[in-house]
Amino acid sequence: LPNRVDLDVCRRVEDSSSLAALGVRFPPRKHMLHVGRKSPEKNLETLIRALEHLPPDYSAVFVGPGDDAPYRRLSEAEGVAGRCFWVEPVKK
């Protein structure tokens with residue numbers, strides 16, 4: 001399969017001020033990244049529930065379209081809301 005990453009859009013961040021802004025938005029931790037729709041087929045519930053069983057330096061970053069409200073509620077109920085980050089997709 002061809003590489004689906006557009007290297008004109010997705011590239012390494014070199015700018016120190018941009019890197020500092022990312023460090024503020026996403027505190028230094030071990031981040032698990034999910035990129036895709038926020039929908040039942042993607043089984044985000046398992047990733048959210050798994051955070052409870054991982055050391056506190058683990059977090060999850062969810063990037064993509066869809067309603068994140070039920071997943072935010074679940075993260076609060078599981079006590080891991082502070083370790084979940086919700087990002088809207090980048091639009092060209």
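Count residues from 1 along the sequence.
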Which distance, rounded to the nearest 0.5 Å, do you find between the CD of E78 and the CD of E45? 10.5 Å

Sequence neighbours excluded, the answer for side chain to side chain contact (heavy atoms under 4.5 Å, CB included) partners of D8 is D6

Suppose we screen for salt bridge (charged side-chain N to carboxylate O under 4.0 Å, His left out). Which residues come up paired with E76, at least two apart in sequence or across chains? none

Which pairs count as ring pair (Phe, Tyr, Trp, His ring centres under 6.0 Å) when at least one residue sits in residues 38-60, sequence neighbours excluded? none

My understanding is that only residues two or more places apart in sequence, or in another chain, count here; which of them pass salt bridge (charged side-chain N to carboxylate O under 4.0 Å, His left out) with R29? none

Residues that A69 engages under side chain to side chain contact (heavy atoms under 4.5 Å, CB included), provided they are two or more places apart: D67, R73

Value rounded to 0.5 Å, distance of CG in L44 from OH in Y71: 5.0 Å

Using the test ring pair (Phe, Tyr, Trp, His ring centres under 6.0 Å), find all partners of F85 that sit at least two apart in sequence or belong to another chain. F26

Sub-4.5 Å side-chain heavy-atom contact between L51 and M32: yes

Please give the remaining members of the hydrophobic cluster of V5, linking ILVMFWY side chains under 4.5 Å, ordered by chain and number. L7

Just to verify, what does L33 make a side chain to side chain contact (heavy atoms under 4.5 Å, CB included) with, not counting sequence neighbours? V35, V61, V63

How would you list, by chain and number, every residue that makes a side-chain hydrogen bond (donor to acceptor under 3.5 Å, both in side chains) with S18, sequence neighbours excluded? D15

Audit row: K30, L54, side-chain contact (heavy atoms from CB on, under 4.5 Å) steps and yes/no: CA-CA 10 Å; K30 296 173 182 163; L54 294 170; over 6 Å; no

Can you name the nearest heavy-atom pair linking H31 to S59, along with the distance? ND1-OG, 2.6 Å

Taking all atoms of both residues into account, what is the closest heavy-atom pair of V87 and K38, and its distance? O-NZ, 3.7 Å

With ring pair (Phe, Tyr, Trp, His ring centres under 6.0 Å) as the rule and sequence neighbours excluded, what pairs involving residues 3-23 come up? none

Side-chain cluster (under 4.5 Å, hydrophobic types only) that V24 belongs to, other residues: none

For S75 and I48, work out which heavy atoms get closest and say how close. CA-CG2, 3.7 Å

Which residues pass the side chain to side chain contact (heavy atoms under 4.5 Å, CB included) test with T46, sequence neighbours left out? N43

